[in-house]
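Atoms considered below: every heavy atom in the structure, side chains included; atoms not considered: hydrogens, waters and symmetry mates. So you know, we letter chains A, B, ... as the sequences are listed, proteins then strands, and number each from 1.
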Amino acid sequence: MSTKLSSITKKKTSEKKFTPRIVVFACNWCSYAGADNAGVSRIQYSPNFRIIRTMCSGRVTPGMVLKAFKLGADGVLVSGCHLGDCHYIFGNHRAIENFERTQAIIKTLGLEEGRLRLEWVSAAEGPRFGQLIDEFVGEVTKLGPSPLNNSNRRK
Amino acid sequence: MDTTTAYLKKNRVFNCLECGKCTAVCPISRFNGTYSPRRFASRGIFYGSGDIGKDNLLWSCLTCKQCSLVCPANVNYSEFMRDARVEARAMGFSGNPSHSGALHYIMEMTASPDLKQQRTGWITEDLKTCKEGEILFFVGCLPYYQDFFSKDLDFSPIDIAKDSIKILNHLGIVPVVLEDERCCGHDFYWSGDLENFMKLAELNLKEFEKAGVKTIVTACPEGALTLKKLYPEQFGAVSYSVLHLSELIAENLDKFKLNEIKSRITFQDPCRLGRYLDIYEAPRKVMSAIPGAQFREMQRSGKKAVCCGTSAWTNCDSYSKQIQSWRLKEAKGVGADILVTACPKCQIHFRCANKNEENGKNIDIEIQDLVSLFASALA
Amino acid sequence: MMDAGRHPNIRLLTNSELVGLEGEAGDFKAQVRRHPRYVSEELCTGCGVCGRNCPVEVLSEFDAGVGKRKAVYVPFPQAVPNIYILDKENCTECGICVEKCPRDAIDLDDPGKDLELKVGSVIVATGFEVFDPTVVKAYGFGLYDNVVTSMQMERLLNASGPTQGHILRPSDGKVPRKIGFVQCVGTRGEAGLQYCSRFCCMNSIKDCMLVKQHAPEIEELKIFYIDIRAAGKGFEEFYQRSLEMPELTYIRGRPSKILEDPQTKDLVVQVEDGEAGKINDFQLDMVVLSSGAVANKTNQKLAEILGIEREETGFFTSGEETGSPLESTKEGIYLCGCASGINDISDSVAQGSGAAAAAEKHLAKLRIEEKKEEIPELDVSGPPRIGVFVCHCGINIAGVLDIDALKKYAETLPDVVFVRDSLFLCSDDGQRRLQDMIKKKKLNRVVAAACTPRTHEPIFRESCARIGLNPYLFEMVNVRDQCSWVHTEEPQEATEKAKDLIRMGVAKARLLEPLYKQSIKIDRKVLVIGGGISGMRAALDLDAQGFQVTLIEKEGKLGGSLNDIHRIYPQDLSASELVETMMQKIKNSKIEVLTEIEITDIKGFIGNFEVFTSKGGLKVGTIVLAIGGELYEPEGDFGYGKFKNVITNLDLERMIRDNQGDIIIDGEKPTTVAFIQCVGSRDLEKNPACSRFCCPTTIKQALELKKRGTNVVVFHRDMRTVGTRAEEHYRKAREMGVRFLKYSPEMKPQVVGEGKASGVELLEPALNRNLTLPVDAVVLACGMIPNEVETGRLQGILKVPRGADGFFMERHAKLGPVETTVEGVFVCGTAQGPKDISDSIAQGSAAAAKVATFICRDTIELEPTTSIVDADMCRGCGKCVRVCEFLAPKLVEKSPGIFVAEINQALCKGCGTCASWCPTGAITAKHFTDRQVESMIETFLTEAV
Amino acid sequence: MAVPEATTDRRGVLVLGGGIAGIQAALDLAASRIPVYLVEKSASIGGRMAQLDKTFPTMDCSI
C-alpha cells in the first residue's frame, strides 16, 4: 500500500515542480570513482539522477540510451575517462562513435540535443562531477519533461 | 475453442500432411538444421502455442512465405508463425533483438503521439516536395537508417529517398513528404506486437487524412505491404491506393531519357514485393529499360527468390549470414557486377554480410537499390 | 583488519606478549605469554549478553577516557576477533556473566597459556602512545573538563564512539560553538620531547572539517600552530581546502596558558598572535590538545628481549647502514610503522609491506603448500531468493537516509525474501551475520545497500565464497558515497533515491548468474624499471627471496638521484657509500642489470608481459615502476638564470659533495647565503603539492654552510621538518644561529642586485618592517615534479593512470600505496610522488612484498567477468576484433568461408566494448549483460517508488 | 565461525603489534604463503587507526 500512496503523492508534487528523471552511465574506473570522490569530499549536488555502473563507457550501446529515452527518461548522460586515461585504452573513443550515432537519431526523433551528453570525469575530479550533474539537471529541467515522458510510462 | 486452436484453424495448420516440402524450401532450415517449419506445425497441433511460444526459434522464421506458396495443404505458415508470436509475446517471450534493440526502440518511440520528429532534413532545394496534396512519398525508416548505418556500412540509405523524389519530380510529380510520418509498424505486426502496430497505424492514417493523400508511393516493399494490405485489414477500407515506385516507373518508362549503364546486373526479389504483393514484372521492366545494362536472372528468383536472411531486426545470427553469403555467391555466380535490390533492408543486410573489416569485401559484387540505379541513369 | 582476522595463514594471538627470544635470523625461538582472557576464544560468539549484564563500569582505554566500558567487554564493536575479555582488576567476581553466558565461555580462573613459536624473523610494529598532557600544567588537562586530547576528540567524532559521533562538551553535554586546537602539545621541545609528531597538524585540520560536518552549528574553529606541516601526497591540497572554511582561522602562536571559568566551564586561551603581533585572549567552549605521539612504553623491555638498540626518544634505532626505516640493529629483526619513528598511515602501510619483504628473505624456501579448500557450493537453482542488507556505516548512511523506510520498501520488492540492516556490514560480525542469513534463509542472490563496490565488493564476495555462495551472485548498491554523503541536506530526496537504487540493484541481482574463476600459468620473473635507490632496493629484496629480477636503467650507471647527493639525513650516511654498498650487493646477486636502455613497448598482461627494449625483448610476469621524479626548474623565479649566484638546492648539494673545503659560489666564498623555500611548490599554477624533503634538505645544507662559517638565513612559508630526527636538525640549525623568516605567498621575498644577486627584500609580517638583507648567494629550495617524459611514455605503454599531480596514481592512498590499477604493475619511490630517501627505500621493499604475493605461485586466478561469444549467433563480421585494444577477440575459420569470433579469456579485461559493438548480441559481457543493464533502466523508469 | 587455526609448529614470522602496519605486514606475508603469528597486547587488533573516525586526506572511514 505504501508504494501506491507515495507514488500518488509524488504525482501531485511533480505537477507543481518538474523534477527530471535522468539516467547516468558511469564507467567503473573513472566517472564512478569520480562520483565516489565527490562523496568522500562531501560535495553536495542534485539527487535527480540514477547511476548505472558499467566497466567502460564503451560498453554503453545506442540501444541502452534509446531504451532509456523510450521509457521516458528526460536526460541521459554517458560518462567515462578522459581520452588517454581509459583503463581499456580506447574504450572512450568507442563511446564517442556510439554517442555520435545515438545523437543523430535523437535529433531525427525531434528530442532536444541537450538531453543527451557525453562527458569525461576522472577519478580525482569529485567536484567536477558534482558541478556536471548540477549543470545537466538544470539544463534538462529547463528543457522540461521529454515528449516521451508521459505517453509511454506504464504506471 | 481456445485461441490457439482458433488460429491453427484459421491458418489451416490442421490440414498439414507433414510432407516436409516447406522445410525443403525454407532458407533457415537449410543452414540451421534445428529449425523445421514442419515440426513447428505438428508441435502447434499437438502441444499448442505454450510449447512453441517458449522456443526461441519461433523468432527465427523470416515470414518470407516461401513455404506457404509450396504447401500442398495450403497451410498459411507465415501467418501461423505471426499468430504464435502474438501469444508468445503475451507470455513474455520475444526474440533476440539485434543492435541491442536500437531499431526496435526507435520504431516504438515514433509511436508516441507527442513526438515532433525532425526527419526531413535530407530534402535539398533541388528536390521539390510539399506538405499537402494527393500523392505522398512514404519515406519509411530511411532517415533513421542513415543515422545508424551510413558510417558503419559506408553507404547512404537516404539516397534512396532522394533518388525517388528526383524520379517523381522528373515525372512532374511534387510529392507530399510528411514532417511527422511514423514508422509503418511492419516489424511490430510480424513480431506479434499488435498494440504498437495499431498505435503507429492510427497516427499515420491521421497524417494521411490531414494531408489529403490519395495515392501513396514508396520505395520500401514492407511499407507498401503494410499500407496497402495490413492497414485495411485492421481499419477497414482506406481512402488511398499504394504503389511501389518500381510500378510507377514501369508505367511511365516512355517519359524517361536514360544514359547507358554498362554493367551486368541481377535482381533480388524482396519477399514483400514478390510473394506478398505479386509485383515481379515492374522491377524487371525498369531494369531492362536501362540501356547497356545486361540483366541476368538468378536461378532462384521471382516466386522462388531466397529471402535476404534477416527479418524485423530479430534473431539475426550466423545462419542469416550464411543465407546472405549464399545469395551473394549466387549473384556473383550468374556473372553480375551489381546485385540490385528494391528494399532498403535487403541492401543493409547484404552490405553487412559482405563487409570484411580487413579488406573491405567478402564477395566482390556491388549492391545497389533499383531506384538509385535508375536515377543514376537519368539523362 | 577484518582480512587479517580471517586469513588461514595468520594466527591471531591477542591479549598476548613476547617474553623471550633465542636463536638468530632464520632460526629464532619465541616465548609468547598468552595472558588469561577469562573468556574462551573457541566458545565466545561475541553475543554481548555478559557485557549487558555486568554491573561494573570503568573508563574505556579505547575511548581514551571519554567513554565507559564494562568489566567484561569488547574494546569496540568491530573488534577482531569479536571475542569478549574480562578485566580481572576491575571485576568484582560477582559471577553474573558466568551464569548468563549462553555458551559457558567464561572461566574466572583461566591460567592463560605459554607458547613457544619457531620463527624465521620478527617484525616490530608496536606503534605509539599518546603523550599524557597533564605534565603540561599550563594547559589544565585533567583539571578542566573541556580540555581534551586529540585522541579523545577522535572518539567523540567516531560514529561507534561513546557519543555516536555527536560532539558534546564533557562538562555539560552541550554542543560547543567555539573549539580551539593547540598544536605541538608535548612535542617540539615541550616537556623534553624534541621531535615533531608529524601527523597532528593534518589530524587537527581533518577534525575541523569533521566537526563542521557533525556539528554544522559550529561558529569558530581555531588552530594555534607554529608551522602547519601538511607534507605528504595530497596533504597540501587538503590544507588549502581548509583555508576556504569560513569558521576556521589559523593563529601562528603557541598558547602560554589556558584558564577555566569555574561556573560556565568555558575556557580562555592566552596566545601571542604571531601574524597580528599582539596578545589575544580567545574565549572558547572547548580546547583540543594535539598531544604528540611518544614511543610505546614497552619498547624498553622489548629492546632487551629482542637485543636491539633504541634512541633516547624511545623509538628503535633503524637503518644504520641501509638508510631505511625497516632494519633494526639486529639481523632478522625488522621495524615498521611507529616502531622506528613517527609515521602517518600511508607510510606505516608502506613500511608494513616493506618489513614483510625484508622478513620474507629468511623464509623464502619454506612457503606453505596451498591446497585448494573445496567449499561445497550452495544450491542456487530455482527462482531468485534475494536478500537485501542495508548498512548504517555508523552515521555515514543512517545519519541521512531513513533506514527503516528503506528496509520496509525493500520488503515490497518481488523476489526479495529477506531484509536486514547492520551498523557496520563490512565488519567481522556484520559479515558473519550476513553469512548465517544466507545459509538460514537459503538466499541465492544478495544485495548490499552500503558504500562503493570499488573498495568493499571484494570483502562481500569473499564472505559469500567462503560459505559456498558463488561470489558473482552479489550486487552492491552505493547509498553512501553516491547518495547519503552527497545529498546530506536533502534527506527526503536521498531516501527516495536510495529506494530507486535498491530497486535497480535488486533488478540486476535477479538476472545475475554464477561465474567461475579460471587460472592461468604466469612467468615468475620481475622487471624493475629505474635503477635509483628505490628500484635497487626492490630488486635486492626480490632477489633475496630467490626470484629472477631484471633491473634496467636509462642512464649509464645505477644510483639515480643519489649520485647527486652528498650525505643522507637524518641517518647522516654518505650517499655514495650507500650506493656503493647496494651496487656491491647487486653484483653478487643474480639480478640482471641492463643500463643505457629504453623501453619501446610492452605487450601482454599480468604474468605474461612481453617487454620490447632498445636492447632486445624479454618476458616477465610483473613490473615495478621506479623511474623517480624530477626537480622543479625555476625558470626566472627569484632571479634564477639572471643572476649567476642564484642556485638551487641541487646545485649546492653537488658543490658540497665535490669539495670538502670552502664552498665557492659564482667564484667567491659567500659570507651570507639566503635560502628561499617552496620555490614553485605549494603554488596552484606551478606545483600545488608540498614535496616534503626540501625543508630537511635546506636544514642539512644550512648546517654544512654554518660549519664553514657562512651566515645563513632561511625564508620559508612553514618549516616542514617532519618526523623524529629531521626536527632535531632544525633545532640544531637554530642553535647554530641560522635565522628563519616566514613569508606569505602574497608577499614573496624579492631578490635584488645588478649583474649579481646582492640582497633579498621582504615585508616581514611579524615585525611589520620592510627588511633588505644583504646576501652573497641565494639558494632556491625547489620541489619535485613528475618525470614528465618517462611517466608520460610509460603511461602510454602500460595505461597506468596518473594522479592530478602528474605522478603515477597508486591504487589507494592508504591501503595500496605501491600498487597501481593495472594488475601486475607496481610503483615505488618518487615515481609515485615526492618523498625523502628513507621512505623511497621503504617503498622499494613494499613493492617487492607486493610483487611476491603474485609470483610466489606459478598461476594466478582470472576475474571471470570477461566476454564470451556464442558461435551460433556470431556472423564473423569482425567488429569485435576492430574495437578491442587487447587483441582478445580473433576470427577463426570454423569451416571454409565461415568465420566465428573467439575471445581469449586471459587477454580479455572485461570492459564489454566488444559486446556493445556486436550487431547480433552474440557476445555476452558477463556480469554486465545487455539484459542486466536494461533491467536497471526499465525498473528505474517504469516502476515509480 | 571460530578463527581458523594455523598450525603452531611451522616456522613463520612473528609480528609484534596488530596496528595498521602489523596487519599490512601480516597480510602481505600470508598472501605470499608465509605463516604469520600476529601478537597483539590488547584484546583486539586494529591499533590506533581503529580509534579514528576518518583518515586524512581522503576522509575514508578508517575501520
Legend entry - Exercise: do C:Asn478 and A:Asp36 side chains pair donor with acceptor under 3.5 Å: yes
Inset, instruction - Might you point out which heavy atoms bring A:Gly91 and C:Thr913 nearest each other, and give the distance in Å? - result: CA-OG1, 4.3 Å
Legend entry - Lys/Arg N to Asp/Glu carboxylate O, C:Asp930 vs A:Arg59, below 4.0 Å: yes
Legend entry - Heavy-atom contact with chain A under 4.5 Å, split by part of C:Gln932: neither
Inset, instruction - Identify which of A:Asn37, A:Asn98, A:Thr54 forms the greatest number of heavy-atom pairs closer than 4.5 Å to chain C. - result: A:Asn98
Inset, instruction - Start with the C-alpha gap between A:Glu97 and C:Lys879, add the side-chain angles, then the distance that decides, and say whether salt bridge (charged side-chain N to carboxylate O under 4.0 Å, His left out) holds. - result: CA-CA 13 Å; A:Glu97 286 172 58; C:Lys879 286 195 179 62; over 6 Å; no
Inset, instruction - Output the distance between atom CZ (A:Arg53) and atom CD (C:Glu475), rounded to the nearest 0.5 Å. - result: 6.5 Å
Inset, instruction - Please state whether the side chain, the backbone, both or neither of A:Ile133 comes within less than 4.5 Å of a heavy atom of chain C. - result: neither
Legend entry - A:Phe90 CZ to C:Cys911 SG distance, which is reported to the nearest 0.5 Å: 13.0 Å
Inset, instruction - Could you look at A:Cys86 and say if it's the side chain, the backbone, both or neither that has a heavy atom under 4.5 Å from chain C? - result: backbone
Inset, instruction - Select, from C:Val883, C:Val933, C:Leu501, the one with the greatest count of heavy-atom pairs under 4.5 Å involving chain A. - result: C:Val883
Legend entry - Straight-line distance of A:Asn48 CG to C:Glu493 CD, nearest 0.5 Å: 7.5 Å
Legend entry - Residue part contacting chain A, namely of C:Glu490, when any heavy atom lies under 4.5 Å: side chain
Legend entry - Contacting moiety of A:Ser122, where chain C heavy atoms sit under 4.5 Å: neither
Inset, instruction - Return yes if some donor-acceptor pair links the side-chain N/O of C:Ser916 with the main-chain N/O of A:Gly58 below 3.5 Å, else return no. - result: yes
Legend entry - Contact class of A:Ala33 relative to chain C, heavy atoms under 4.5 angstrom: both
Legend entry - Nearest heavy atoms of A:Pro47 and C:Lys497, plus distance in Å: O-CD, 3.5 Å
Legend entry - Interatomic distance, A:Tyr88 atom OH to C:Cys914 atom SG [nearest 0.5 angstrom]: 11.5 Å
Inset, instruction - List the atom of C:Arg454, the atom of A:Tyr32, and the distance in Å for their closest heavy-atom pair. - result: CD-CD2, 3.8 Å
Inset, instruction - Using the test salt bridge (Lys or Arg N to Asp or Glu O under 4.0 Å), find all partners of A:Asp74 that sit at least two apart in sequence or belong to another chain. - result: none
Inset, instruction - Answer whether the closest heavy-atom distance between the side chains of A:Lys67 and C:Glu938 falls below 4.5 Å. - result: yes
Inset, instruction - Identify the heavy atoms of C:Arg882 and A:Arg94 that sit nearest to each other, and give their distance. - result: O-NH2, 3.7 Å
Inset, instruction - Scan C:Lys508, C:Met504, C:Glu934 and name whichever one has a side-chain contact (heavy atoms from CB on, under 4.5 Å) with A:Ile52. - result: C:Met504
Inset, instruction - Say whether, by atom type as modelled, one donor and one acceptor occur between the side chain of A:Arg50 and the main chain of C:Phe940 under 3.5 angstrom. - result: no
Inset, instruction - Give a yes or no on whether the backbone of C:Trp485 and the side-chain of A:Gln44 come within a donor-acceptor separation of less than 3.5 Å. - result: yes
Inset, instruction - Against chain C, label A:Ile51 side chain, backbone, both or neither, depending on which of its atoms sit under 4.5 Å from a heavy atom there. - result: both
Inset, instruction - Sequence neighbours left out, what passes side-chain hydrogen bond (donor to acceptor under 3.5 Å, both in side chains) with C:Lys603? Give chain and number order. - result: C:Asp601
Inset, instruction - Grab the two heavy atoms, one from C:Leu941 and one from A:Val23, that are nearest each other, plus how far apart they are. - result: CD1-CG2, 4.2 Å
Inset, instruction - Determine the minimum heavy-atom distance between A:Ala35 and C:Gln482, stating which atoms define it. - result: CB-NE2, 3.3 Å
